[in-house]
Structures are given as structure tokens and as C-alpha cells.
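Side-chain atoms are counted along with the backbone in the values below, which use heavy atoms only and exclude waters and symmetry mates. Counting starts at 1 for both ligands and their atoms, in listed order.
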Amino acid sequence: FIEHPLGIRAAFQLKYLRRTNPVVPANPSEANCYELLKLSSRSFVAVIMELEEELQKPIMVFYLVLRALDTIEDDMTLSNEVKVPMLLGFHENLKETDWTFDGSGPDERDRVVLVKFDQVLSVYHTLKPEYQDIIKDITREMGFGMAKFIKDQDFNLNGVRTIKDYDLYCHYVAGLVGEGSTKLIVAAEFGDPSLNDRMILTESMALLLQKTNIIRDYKEDLDDGRTFWPQEIWGKYAKKLADFEKPENLDAGLHCVSELVLNALGEVRKVLIYLSLVNDHSAFNFCAIPQVMAIATLAEVFENPLVFKKNVKIRKGTTCQLILDARTYRGVLKIFSHYLRVIHHKCPVSDPNYLEISLKCGELEQFL
Ligand code: RWZ
């Protein structure tokens with residue numbers, strides 16, 4: 001173990017390559033679930049497939065159940081009279097063996113998860129009761145949270161108002177995913193049990209991912225008629241959020257992105273502590289890979305005018321390199337160190353957030 005300023009013991013000195021035992025579906029329902037996961041999860045499927053057996057099916061089922069819930073929430077063809085009761089009662093479907101739903105609009109790309117939900121249920125019922133309970137509890141809470149935000153008129157009319165609302169929204173759509181993931185990791189004995197008593201660490205894992213997506217997705221969300229950027233921040237730089245699309249407001253927009261990135265960097269310290277407490281290699285990869293992609297994405301959107309034109313993505317080659325380097329704790333620290341420097345160096349002195357960004361990068365540097 002290496003002593004570290006955070007009190008972190010850098011436990012990952014050996015490079016883990018991949019699980020050696022192949023994933024073999026035990027029955028047709030499991031095979032169908034793997035197919036559904038491939039269709040629906042894009043970024044998560046690879047890391048889920050590499051998880052050790054004990055954790056793989058629970059995490060797969062968990063993400064498919066949440067994907068189903070997410071598809072209902074996202075579906076603008078469902079009226080709120082139909083949608084809200086479905087979200088509130090979704091966890092009850094986990095008691096059934098044959099519940100399916102084909103009422104989603106044809107444009108919902110993940111509607112197939114709902115159409116074939118009986119396959120997910122079939123695998124869900126084969127999981128250890130402890131895992132089933134974790135999945136059911138989180139599904140109930142997330143359904144309630146989603147329903148609450150729909151019923152909250154202010155939220156629908158004005159978007160996310162304060163930074164507190166922003167954090168709360170992120171808690172419902174990501175923090176709870178993190179909470180369930182952590183509880184499953186600890187139940188499988190792949191993580192330090194203290195993670196369950198320090199959910200604030202999990203919250204930072206989830207918020208760093210969610211806030212990064214929200215910053216990156218400005219244009220797409222605006223075109224869909226919604227926004228998750230908190231007014232408390234963007235209101236300092238524009239009267240309307242759509243103003244950032246106009247070339248004359250480019251500087252204001254970039255300054256706003258700086259402040260949003262600075263806000264997201266507030267999660268980094270706790271993310272590094274969390275990762276130091278994951279003991280299994282496959283679970284470490286599962287947790288670390290999305291985080292290194294997030295910090296790379298934050299560096300990419302920072303000072304980048306393209307944010308106002310499209311969703312900025314990191315290059316495929318960069319992604320591959322990140323996945324390779326994120327297999328050790330030291331590798332993860334190096335990646336964070338690199339992208340924090342990129343952000344620091346990109347920041348012009350004329351940016352109103354320059355001083356705070358310098359301070360934040362300097363503060364984090366001592367941990368890296
Ligand atoms: C692993 C401790 C994955 C925290 C947050 C990470 C990501 C944005 C994506 C928590 C199923 C995951 C695909 C819910 C629909 N939130 N959310 C630790 C984490 C669930 C699918 C993906 C959404 C979506």
C-alpha cells in the first residue's frame with residue numbers, strides 16, 4: 001500500500017486484464033437480457049460484461065430495470081395522467097413474472113426493454129433475495145423522484161432553478177443508481193463495507209457523471225425543449241439559456257461552461273476516495289472507467305465553442321486509451337492529473353472563474 005495525502009491506500013498496483021471465464025447465459029431469458037443490454041446501454045455494456053459472475057447479473061438486471069423506468073419517464077407521447085402512476089408503481093411490477101408494456105411511442109429507442117420486460121423479470125427472480133431487495137428499493141425511490149419532478153410545475157416551466165435543485169435532480173436520476181450500485185458491490189464483498197455508511201462518496205461518483213452529461217448535452221436538450229443547466233449559474237451570463245447559441249454571446253457561454261465545470265470539479269476529491277475503497281478489480285474497472293471518461297469530457301467541453309452547436313464527444317482512440325489506463329488506481333490518478341492540467345491551461349485569465357478554477361486545480365493536484 002502507498003500512503004497518500006487523502007489517506008488513500010493505493011491498492012491497485014497489479015494490472016488487471018480481464019475476467020478469464022467467459023460469460024455463458026444459463027437460459028434463454030439470460031441470453032435475452034444480454035441482448036437487451038447491448039441494445040440499450042451503449043456505454044455501460046462493456047464494463048458490465050467484464051464484471052465477475054457474482055456481480056454481473058445483479059448489475060445487469062438493475063440497469064435494465066432502471067432503463068425501463070427511464071424510458072417511461074422520457075416518453076413525451078405518454079400523458080402525465082398515465083405516466084405518473086406508472087412511475088409511482090413501477091417497483092410493484094417486480095413482484096410479477098410476466099409484466100410487459102408496449103404503449104411507448106415508436107421513437108423511444110429503448111422501448112424494447114419494456115416490450116420484453118418479462119425476460120428481465122425472469123432473471124430478476126433468480127437473483128439472491130438480498131440483491132432483489134436492493135434493486136426493488138432503488139426502483140421505488142427513483143420512480144417517486146421522477147414523479148415528483150413531473151408534478152412540480154415550477155420545474156417544468158422554468159427548468160432547474162437553484163444549484164440545490166440541480167443537485168437534487170441529479171440525485172434522483174444518478175445518485176440513486178450509484179446508491180444501488182454501491183450496495184450491490186458491498187453485498188458481493190467487492191468493496192469496503194464503509195462505503196455503505198459514506199453514501200456521500202457514492203453521491204459524488206454519480207453527480208460527476210450526471211453533471212458532465214448535462215453540460216455536454218446543452219444543444220440536444222435545448223432542441224428537445226428542455227434544459228438541466230441551473231438558472232442560478234447560467235442566469236449570471238445570459239437572460240435566456242438559448243442566447244448562448246448566438247455567436248455574439250459566445251464568450252458569456254464559455255464563461256458559463258467554466259462555472260459549470262468548476263461546480264462539477266467539486267465532486268472529484270470524493271470520487272478518488274470512493275475508488276480507493278473498491279477491492280475487486282472488475283468492480284474497480286466498472287466504477288473507474290465512466291469517471292475517467294467524465295473528466296476527459298469536462299476537459300473537452302471546457303472553452304469549446306462547439307458545445308453550443310452539438311454534443312461534444314471525446315475521440316474513439318482517446319476512449320480506448322482511457323479504458324486501458326484506468327485499470328489501476330495509479331493510472332486513474334494520472335488521468336485525472338492530466339485532464340485537470342488541460343483544464344487549468346485552457347482557462348484564460350479573462351474568464352471570471354479563472355481564480356477559482358486555478359485554486360480548485362491546485363487543491364486537487366496535491367492528491368494526484
Ligand atoms: C457506480 C457508484 C451510473 C456510481 C450514474 C455511478 C450515471 C447517468 C446515466 C452511478 C440505466 C444508468 C443507463 C440509469 C438509464 N447516470 N443514467 C457508482 C451512475 C441507469 C440506464 C444509465 C439511466 C442511465
Novice: Identify the closest protein heavy atom to atom 4 (C) of ligand 1: which residue and atom is it, and at what distance?
Specialist: Gly178 CA, 3.6 Å
Novice: Does the pair Lys310/Glu220 count as a salt bridge with the N-to-O cut at 4.0 Å?
Specialist: no
Novice: Taking the basic N atoms (NZ, or NE/NH1/NH2) and the acidic carboxylate oxygens, is any pair closer than 4.0 Å for Arg226 and Asp74?
Specialist: yes
Novice: Quick check on contacts: which atoms of ligand 1 are under 4.0 angstrom from a heavy atom of Gln210?
Specialist: 8 (C), 16 (N)
Novice: Would Phe62 count as a contact residue for ligand 1, given that I'm defining contact as a non-hydrogen atom of the residue lying under 4.0 Å from a ligand atom?
Specialist: no
Novice: Do Lys57 and Glu30 sit within salt-bridge range, that is, some charged N less than 4.0 Å from a carboxylate O?
Specialist: yes
Novice: How close does the nearest protein non-hydrogen atom get to atom 14 (C) of ligand 1, and which residue and atom is it?
Specialist: Val177 CG2, 3.9 Å
Novice: Using a strict 4.0 Å cut-off to heavy atoms of Thr182, name the atoms of ligand 1 that fall inside it.
Specialist: 2 (C)
Novice: For atom 22 (C) of ligand 1, what is the nearest protein heavy atom, given as residue, atom name and distance?
Specialist: Phe44 CE1, 3.7 Å
Novice: Checking a contact table here: which protein heavy atom is nearest atom 2 (C) of ligand 1, and how many Å away?
Specialist: Tyr274 OH, 3.3 Å
Novice: Can you pull out the closest protein heavy atom to atom 17 (N) of ligand 1? Residue, atom name and distance to 0.1 Å, please.
Specialist: Val173 O, 4.5 Å
Novice: Looking only at protein heavy atoms, identify the closest one to atom 13 (C) of ligand 1 and say how far it is in Å.
Specialist: Arg67 NH2, 3.4 Å
Novice: Give a yes or no on whether a salt bridge exists between Lys239 and Asp243, defined as a side-chain N under 4.0 angstrom from a carboxylate O.
Specialist: no
Novice: If you have a sec, work out which protein heavy atom is nearest atom 1 (C) of ligand 1 and how many Å separate them, to one decimal?
Specialist: Ser181 CB, 3.8 Å
Novice: Tell me the protein heavy atom at minimum distance from atom 19 (C) of ligand 1, and give that distance in Å.
Specialist: Leu209 CD1, 3.7 Å
Novice: Does the side chain of Glu245 come under 3.5 Å of the side chain of Tyr218 through a donor N or O and an acceptor N or O?
Specialist: no
Novice: Within the structure, does at least one protein heavy atom fall under 4.0 Å of atom 10 (C) of ligand 1?
Specialist: yes
Novice: So that I can tick it off, tell me whether Lys360 and Glu365 are bridged by a salt bridge, with the cut-off set at under 4.0 angstrom between side-chain N and carboxylate O.
Specialist: no
Novice: Can a salt bridge be assigned to the pair Asp167 and Lys211 using a cut-off of 4.0 Å between side-chain N and carboxylate O?
Specialist: yes
Novice: Tell me whether Arg327 is salt-bridged to Glu50, with the criterion being a basic N under 4.0 Å from an acidic carboxylate O.
Specialist: yes
